[in-house]
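When a ligand or atom number is given, it counts from 1 through the structure's own listing order. Just so we're clear, the structure is a prediction, and the values are computed from it rather than from any experiment.
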Amino acid sequence: MIPQWNRNPGFNITRASHVVLSARDLGASKAFYADALGLVVTAETKDALYLRGLEEANHHSLVIRRTDGAPKAEWIGMRVEDEAHIELVASFLAKEGLHHEIADVPFQGKTLRFKDVVGTSVEFVADMPVVNRNMQEFHTFRGGSPQRFDHYQLVTHDVQAASDFWCKLGFRLAEYTAPSGSDELWGTWLERKGNTHDIVFTNGRGPRLHHFAFTVPDVATLIHACDATSSLGYDDIIDRGPGRHGLSNALFVYFRDPDGHRIEFFTTHYQFIDVETPPIRWDLSNPRRAQLWGMPASKRWFFEASEFPDTPVSDPLLVAEPLTLERYLEAQS
Ligand SMILES: [Fe+2]
């Protein structure tokens with residue numbers, strides 16, 4: 001069922017802004033994200049690394065915290081308009097019966113933390129320290145020259161419940177995937193900032209973070225990221241692509257970091273602003289949905305993702321398998 005868009009929730013969540021991950025070796029994380037992929041290091045401590053895209057004036061869009069345990073996805077982050085809007089969201093969550101708390105977080109203004117209705121760990125942030133935009137320091141560009149954080153994708157056991165909740169928060173459905181002959185939701189692409197998505201939910205064992213994404217300037221730069229990681233000795237880290245999504249029209253490549261977290265580089269999506277524009281429906285059986293050029297993604301792309309700490313994972317309510325590369329090749333033989 002198409003989730004109902006709450007166009008005026010009474011507060012303004014402006015965009016997906018950052019993720020917080022944990023990793024076993026911050027030196028390896030820095031070598032991968034800064035030296036190979038080209039993110040900017042804003043700050044580093046013994047226990048955390050703070051990175052941002054080249055055009056970003058916010059302090060960080062990727063935080064990696066050191067762990068001695070298994071690497072996890074710790075938080076997905078969004079920005080709200082200001083501190084007053086943090087309070088308004090907190091009141092909304094209280095009415096929904098969701099536990100939430102204000103947290104003291106380094107390099108972040110007022111921060112509201114909660115778990116959404118499907119167990120995703122979320123933090124909403126009012127502001128961050130302003131830093132230099134490095135977007136015209138071209139001589140420093142490396143890897144894929146990542147410009148800015150754009151979105152993340154979550155795997156969830158209940159896409160309908162997740163989508164209904166986020167649409168109550170003001171998110172709008174841009175595109176969705178459903179099994180043949182039904183509008184049961186397999187995947188939803190939801191936006192706040194005026195392109196096709198800030199947050200994506202797909203059907204599967206969840207909650208888990210599937211990937212987060214940075215924009216790159218163009219196709220040549222995206223390919224250069226593949227070459228640069230290769231010449232630095234990273235092998236078996238390209239998880240999928242390059243290719244073009246039917247959904248959202250992005251030209252993409254996905255990498256796995258040293259701890260298995262998945263990052264996407266992509267050329268930007270189309271605008272999705274005019275309110276009369278309906279969402280685009282994709283049939284789950286249509287391989288052009290996920291790869292316009294026709295070659296489906298592998299099983300590991302569909303089924304591997306990063307868990308959140310102390311959060312049980314549930315099997316999906318909807319039983320509907322996507323077409324994987326393995327099944328596709330089997331059918332060809
Ligand atoms: Fe993506």
Side-chain angles (χ1 to χ4, degrees), residues 15-21 33 37 39 53 56 61-62 73 75-78 120 122 144 146-156 159 162-163 166 171-177 185-204 206-219 221-222 225-226 237-257 260-272 279-280 282 284 287-293 295-298 300-306 322 324:
R15 65 183 179 93
S17 55
H18 62 285
V19 291
V20 183
L21 309 174
Y33 282 108
L37 293 189
L39 287 170
E56 291 182 309
S61 48
L62 172 62
W75 301 95
I76 60 163
M78 296 213 177
T120 316
V122 185
Q147 298 292 301
R148 64 180 179 277
F149 189 91
D150 186 82
H151 67 270
Y152 29 67
Q153 181 165 322
L154 287 309
V155 190
T156 176
V159 174
S163 306
W166 284 90
F171 285 73
R172 181 180 170 214
L173 184 69
E175 304 201 16
Y176 67 103
T177 297
L185 299 175
W186 184 90
T188 53
W189 280 252
L190 304 166
E191 68 82 24
R192 278 297 299 172
K193 69 181 174 303
N195 69 7
T196 55
H197 48 285
D198 290 272
I199 187 168
V200 177
F201 289 100
T202 55
N203 186 67
R208 292 179 298 159
L209 176 68
H210 184 270
H211 71 265
F212 57 97
F214 281 82
T215 62
V216 299
D218 53 36
V219 177
T221 321
L222 187 139
C226 303
I237 61 160
I238 295 185
D239 202 39
R240 184 181 176 192
R244 185 178 295 280
H245 288 308
L247 278 147
S248 83
N249 198 38
L251 198 128
F252 64 83
V253 65
Y254 295 87
F255 301 100
R256 299 291 282 272
D257 82 2
H261 302 301
R262 186 182 288 110
I263 176 173
E264 177 185 15
F265 277 176
F266 76 108
T267 59
T268 193
H269 304 141
Y270 61 90
Q271 283 190 346
F272 191 72
I280 295 174
W282 292 86
L284 184 59
R288 289 164 60 86
R289 172 187 70 86
Q291 168 57 288
L292 201 65
W293 301 341
M295 188 66 80
S298 67
R300 84 172 190 175
W301 188 88
F302 275 113
F303 296 112
E304 293 181 12
S306 303
T324 62

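Between the side chain of Glu56 and the backbone N or O of Phe149, at least one donor-acceptor pair lies under 3.5 Å.
Ring pair Phe201/Trp166 is tilted by interplanar angle, where 30° to 60° counts as tilted.
Not counting sequence neighbours, Asn249 has no partner by the side-chain hydrogen bond (donor to acceptor under 3.5 Å, both in side chains) test. Every residue two or more places apart in sequence or in another chain was checked for a ring pair (Phe, Tyr, Trp, His ring centres under 6.0 Å) with Phe302, and none qualifies. Partners of Trp301 by ring pair (Phe, Tyr, Trp, His ring centres under 6.0 Å), not counting sequence neighbours, listed by chain and number: His210, Tyr254.
Excluding waters, the count of protein N/O/S atoms less than 2.8 Å from the Fe ion (ligand 1) comes to 3.
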Query - Phe252/His211 under ring-ring contact (aromatic ring centres under 6.0 Å, His included): CA gap, chis, key distance, verdict - result: CA-CA 12 Å; Phe252 64 83; His211 71 265; 9.4 Å; no
